[in-house]
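All values derive from a computational prediction rather than experimental measurement.
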Amino acid sequence: MVQLTRIYTRGGDKGKTSLGSGKRVSKSDVRIHAIGEVDEANAAVGWARQYSPTHLDSLLSRIQNDLFDLGADLCIPDESPTALRIVASQVDFLEKKIDELNASLEPLMSFILPGGSKASAALHLARTIIRRAERSLIQLDQTHPLNPEAIKYLNRLSDLLFVLCRHVNDNGKNDVLWIPGKSRTE
């Protein structure tokens, strides 16, 4: 368990921060950017939990904990054998949940507009933030190879949130479908 004794250290006042390895890097470093976007995704999932049905709370709680694991994975870039890493079983869990929830959904007949219910809108927002975090990890991976499971995790997590959005919309019955050109006058 991590114990934080002080919230501020003044160590970042000159625009640098420490990675888990102790290495100091600029707060504008692409790795710090990716860690920040994973943190933002976690906050969005936490916000979506406030609107989601109680039967999803333990799943969303687990996802939040996994996203913190992902942040820990990203902050220790070296090959440390003791570093906390995203592992294949975490990705497998998401795939099983996707398959389980997707089995009861209405067939998808069009693209879906984010919304339908407060829970769905909140989960869609979290899904898009997760996609942005995924893009940041891919950018970082191009110059600093990452744990491949980390990128897979975000990819599957975004897919799971898409399925959850439809699940909370009465299994897709209350999805808001895109109607191409609906507002055009000509």
Side-chain touch Leu60/Ile63, heavy atoms, less than 4.5 angstrom: yes
Just verifying a value: how many Å separate Ser58 OG and Arg49 CZ, rounded to the nearest 0.5 Å? 9.0 Å
Within this structure, what is the CD-CG distance for the pair Glu134 and Leu157, rounded to the nearest 0.5 Å? 9.5 Å
In Å and rounded to the nearest 0.5 Å, what is the CD to CG distance from Glu106 to Asn171? 7.5 Å
Within the 4.5 Å heavy-atom criterion, are His33 and Ser28 side-chain neighbours or not? no
Can you find a pair of side-chain heavy atoms, one from Leu164 and one from Leu160, that are under 4.5 Å apart? yes
Taking the side chain as C-beta and beyond, is there a heavy-atom pair between Gln139 and Val30 under 4.5 Å? yes
Could you work out, with ring pair (Phe, Tyr, Trp, His ring centres under 6.0 Å) as the rule, every residue matching Phe111, not counting sequence neighbours? Trp178
Closest heavy-atom pair and its distance - Ala41, Ile130: CB-CG1, 3.7 Å
Approximate separation, where rounding is to 0.5 Å, of Leu161 CG and Arg166 CZ: 14.0 Å
If the condition is salt bridge (charged side-chain N to carboxylate O under 4.0 Å, His left out), which residues does Asp159 pass it with, not counting sequence neighbours? Arg131
Can you find a heavy atom in the side chain of Pro53 that is under 4.5 Å from one in the side chain of Leu56? yes
Cys165 and Ser120: which non-hydrogen atoms are nearest, and at how many Å? O-OG, 3.2 Å
Measure the shortest side-chain to side-chain distance between Ser26 and Ile32 over non-hydrogen atoms and say whether it is less than 4.5 angstrom. no
Pairing of Glu40 and Arg132 as salt bridge, 4.0 angstrom limit: yes
Look at the side chain of Ser104 and the backbone N and O of Leu101, then say whether any donor-acceptor pair between them is shorter than 3.5 Å. yes
Cluster overlap Ile138 with Ile35, hydrophobic side-chain contacts below 4.5 Å: yes
Can a side-chain donor-acceptor contact be found between Gln90 and Asp69 if the only test is distance below 3.5 angstrom? yes
Joint hydrophobic cluster, Ile151 plus Val45, side-chain heavy atoms closer than 4.5 Å: yes
Same cluster for Ile112 and Ile98 if Ile/Leu/Val/Met/Phe/Trp/Tyr side chains link at under 4.5 Å? no
Where at least one partner belongs to residues 153-177, residue pairs that pass ring pair (Phe, Tyr, Trp, His ring centres under 6.0 Å), sequence neighbours excluded: His55-His167
Rounded distance [0.5 Å steps], CG in Leu94 versus NZ in Lys152: 12.5 Å
Smallest heavy-atom separation, Ser136 atom then Glu37 atom, equals OG-OE1, 2.5 Å
Taking the side chain as C-beta and beyond, is there a heavy-atom pair between Asn169 and Val176 under 4.5 Å? no
Determine, step by step, whether Arg24 and Ser18 satisfy the side chain to side chain donor-acceptor pair (under 3.5 Å) criterion, reporting the C-alpha distance in whole Å, the side-chain angles of both residues, the deciding distance to 0.1 Å, and the verdict. CA-CA 4 Å; Arg24 300 285 291 170; Ser18 296; 2.9 Å; yes
When the side chains of residues 141-148 are checked against the rest of the protein, which donor-acceptor pairs come out under 3.5 Å, sequence neighbours left out?
from, atom 1, to, atom 2, distance (Å)
Asp141, OD1, Leu146, N, 2.7
Thr143, OG1, Leu140, O, 3.3
Asn147, OD1, Glu149, N, 3.0
Asn147, ND2, Asp73, OD2, 2.7
Asn147, ND2, Ile86, O, 2.8

Which residues end up grouped with Trp47 if you chain together Ile, Leu, Val, Met, Phe, Trp and Tyr wherever their side-chain heavy atoms are less than 4.5 Å apart? Tyr51, Leu125, Ile129
Tracing side-chain links under 4.5 Å among I, L, V, M, F, W and Y, which residues wind up in one group with Phe68? none
Is Leu74 linked to Leu84 within one hydrophobic cluster, defined over Ile, Leu, Val, Met, Phe, Trp and Tyr using a side-chain heavy-atom separation of less than 4.5 Å? no
Are any non-hydrogen side-chain atoms of Thr17 and Asp29 less than 4.5 angstrom apart? no
Establish whether Ile76 and Leu19 are linked, either directly or via other cluster members, by ILVMFWY side-chain heavy-atom contacts under 4.5 Å. no
Without swapping roles, check the side chain of Gln50 against the backbone of Gly46 for a donor-acceptor pair under 3.5 Å. yes
Would you check if the side chain of Lys27 reaches a backbone N or O of Gly12 as a donor-acceptor pair within less than 3.5 Å? yes
Please report the C-alpha distance between Arg31 and Val25 in whole Å, then the side-chain angles of each, then the deciding distance to 0.1 Å, and finally whether the side chain to side chain contact (heavy atoms under 4.5 Å, CB included) criterion is met. CA-CA 9 Å; Arg31 181 175 301 277; Val25 297; over 6 Å; no
List the steps, then state whether side chain to side chain contact (heavy atoms under 4.5 Å, CB included) holds for Ser52 with Leu123. CA-CA 8 Å; Ser52 296; Leu123 288 164; 4.0 Å; yes
